[in-house]
Amino acid sequence: MEYIALIISIMTLVVLVIDNLNQTKTFNKQLKLNFFSEYTKRYQDIALNLPENINDDDFSYKNMLDEERSHVLRYMRVYFDLCSEEFYLYSNNCLDENVWENWEEGISCTMNKKAYKEAWKIINASHFYNGDFEKWVESKMHL
């Protein structure tokens, strides 16, 4: 009789451990999804506040009124800050490798555009970023 009670207790414990592991796995997936969604939302907010022609080869800050240029550069600064956070998370092993590869590909493509290179020169002159991040950005921009 004692053996039966012991076996039932062990089986119950095993079921609880497996259930707990499954719940933890589901919770971790949800956290990652929420994290990714938050960064995607922040990026979309930035993109919605940039001019439609920001990616054009002939884009120039010189052709903008002061107020418009200030607005665009404010959001460019927010973009570089977001990239800096993402770079920091990757550098400190806080990001899944696949997420980083996805983000890095998008950042690399964006940073090679004229408007972003010009904004970087303006913003980096008056804003402090981590030296490793600065080097990484400039390597993406081929500066």
Side-chain angles (χ1 to χ4, degrees), residues 4-143:
I4 294 174
L6 180 61
I7 290 172
I8 291 173
S9 296
I10 290 173
M11 289 175 64
T12 302
L13 181 61
V14 168
V15 168
L16 289 172
V17 167
I18 290 171
D19 184 55
N20 190 14
L21 290 173
N22 286 334
Q23 286 181 9
T24 301
K25 191 175 183 179
T26 300
F27 179 73
N28 285 336
K29 281 183 180 181
Q30 188 62 44
L31 277 177
K32 287 179 182 181
L33 181 61
N34 289 344
F35 174 81
F36 188 81
S37 293
E38 178 62 29
Y39 274 80
T40 299
K41 182 181 175 193
R42 289 172 63 192
Y43 175 76
Q44 288 173 340
D45 183 53
I46 294 164
L48 289 171
N49 280 283
L50 295 175
E52 184 68 32
N53 67 337
I54 193 79
N55 295 314
D56 294 352
D57 291 336
D58 62 348
F59 180 86
S60 176
Y61 292 99
K62 295 175 187 172
N63 299 335
M64 303 174 101
L65 299 173
D66 289 344
E67 186 176 316
E68 184 183 16
R69 181 175 42 255
S70 177
H71 175 83
V72 172
L73 287 172
R74 181 178 309 117
Y75 276 92
M76 291 298 253
R77 182 176 295 110
V78 172
Y79 174 73
F80 290 125
D81 289 349
L82 178 66
C83 292
S84 176
E85 287 177 38
E86 293 168 349
F87 179 80
Y88 174 83
L89 291 170
Y90 172 71
S91 298
N92 287 282
N93 299 315
C94 298
L95 277 183
D96 181 79
E97 190 68 33
N98 292 331
V99 170
W100 174 246
E101 288 173 6
N102 180 283
W103 285 353
E104 184 179 30
E105 183 178 328
I107 293 168
S108 295
C109 179
T110 301
M111 297 251 185
N112 273 304
K113 296 183 178 173
K114 181 182 178 215
Y116 290 81
K117 288 180 179 182
E118 287 181 17
W120 176 253
K121 290 176 184 173
I122 294 166
I123 292 166
N124 197 34
S126 64
H127 193 76
F128 175 76
Y129 286 102
N130 174 287
D132 290 338
F133 176 70
E134 287 181 5
K135 290 175 193 170
W136 180 79
V137 167
E138 292 173 3
S139 75
K140 297 298 173 188
M141 292 181 173
H142 306 291
L143 296 178

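Along the sequence shown, residues are numbered consecutively beginning with 1.
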Within-4.5 Å side-chain heavy-atom neighbours: Lys117 and Asn112
yes
Asp96 (side chain) donor-acceptor with Asn98 (main chain) under 3.5 angstrom:
yes
Point-to-point distance, once rounded to the nearest 0.5 Å, from SG of Cys83 to OH of Tyr43
8.5 Å
Electrostatic pair Glu118-Lys114, nearest N-O below 4.0 angstrom
yes
Under 3.5 Å, is there a donor-acceptor pair linking the side chains of Asp81 and Tyr129?
yes
If you count every heavy atom of other residues, nucleotides or ligands that lies below 6.0 Å from Asn34 atom CG, does the total exceed 12?
yes
Heavy-atom distance under 4.5 Å between the side chains of Thr12 and Ile8, does that happen here?
yes
Ignoring hydrogens and angles, tell me if any N or O in the side chain of Asp56 forms a donor-acceptor pair with the backbone of Asp58 under 3.5 Å.
no
Answer yes or no: is there a side-chain heavy-atom contact under 4.5 Å between Ser91 and Asp132?
no
Closest approach of Ala115 to Met76 (non-hydrogen atoms, all atoms of both residues)
O-CE, 3.6 Å
Look up atom CG in Leu82 and atom CZ in Arg42, then write down how far apart they are to the nearest 0.5 Å.
5.0 Å
Side-chain heavy-atom pair Met111, His142 within 4.5 angstrom cut-off
no
Under the criterion side chain to side chain contact (heavy atoms under 4.5 Å, CB included), I'd like the reasoning laid out for Leu89 against Phe35: C-alpha separation, chi angles, the key distance, then a yes or no.
CA-CA 12 Å; Leu89 291 170; Phe35 174 81; 3.4 Å; yes
Using 0.5 Å steps for rounding, measure from the CG atom of Leu95 to the CG atom of Asn93.
9.0 Å
Taking the side chain as every heavy atom from C-beta outward, state whether Leu50 and Tyr116 have any atom pair closer than 4.5 Å.
yes
Please walk me through it: do Val137 and Trp120 pass side chain to side chain contact (heavy atoms under 4.5 Å, CB included)?
CA-CA 9 Å; Val137 167; Trp120 176 253; 3.7 Å; yes
Scan side-chain atoms only and decide if Glu85 and Tyr39 contain a donor-acceptor pair under the 3.5 Å cut-off.
yes
I want to know whether Phe133 and Phe80 have ring centres closer than 6.0 Å.
no
For Trp136 and Trp100, take the angle between the two ring planes, folded into 0 to 90°, and tell me which bin it lands in: parallel under 30, tilted 30 to 60, perpendicular over 60.
tilted
Are the side chain of Asp45 and the backbone N or O of Lys41 linked by a donor-acceptor pair below 3.5 Å?
no
Quick one: are Met64 and Phe59 in side-chain contact, heavy atoms under 4.5 Å?
yes
Within a strict 4.5 Å, meaning less than it, do heavy atoms of the Ile107 and Tyr79 side chains meet?
yes
Taking only Lys NZ, Arg NE, NH1 and NH2, and the carboxylate oxygens of Asp or Glu, determine whether Arg69 and Asp66 approach each other closer than 4.0 Å.
yes
Could you go through the side chain to side chain contact (heavy atoms under 4.5 Å, CB included) check for Tyr75 and His71 one step at a time?
CA-CA 7 Å; Tyr75 276 92; His71 175 83; 3.4 Å; yes
Got a second to check how far Lys121's NZ is from Tyr61's OH, nearest 0.5 Å?
12.0 Å
Between Lys140 and Ser108 the two heavy atoms that sit nearest each other are CD-OG, 3.1 Å
Separation between CG of Asn102 and CD of Glu97, rounded to the nearest 0.5 Å
12.0 Å
Ser126 side, atom OG; Leu73 side, atom CG - distance, nearest 0.5 Å:
9.0 Å
Do Phe36 and Trp103 pass the side chain to side chain contact (heavy atoms under 4.5 Å, CB included) test, and can you show the C-alpha distance, the side-chain angles, and the key distance before you say yes or no?
CA-CA 10 Å; Phe36 188 81; Trp103 285 353; 3.4 Å; yes
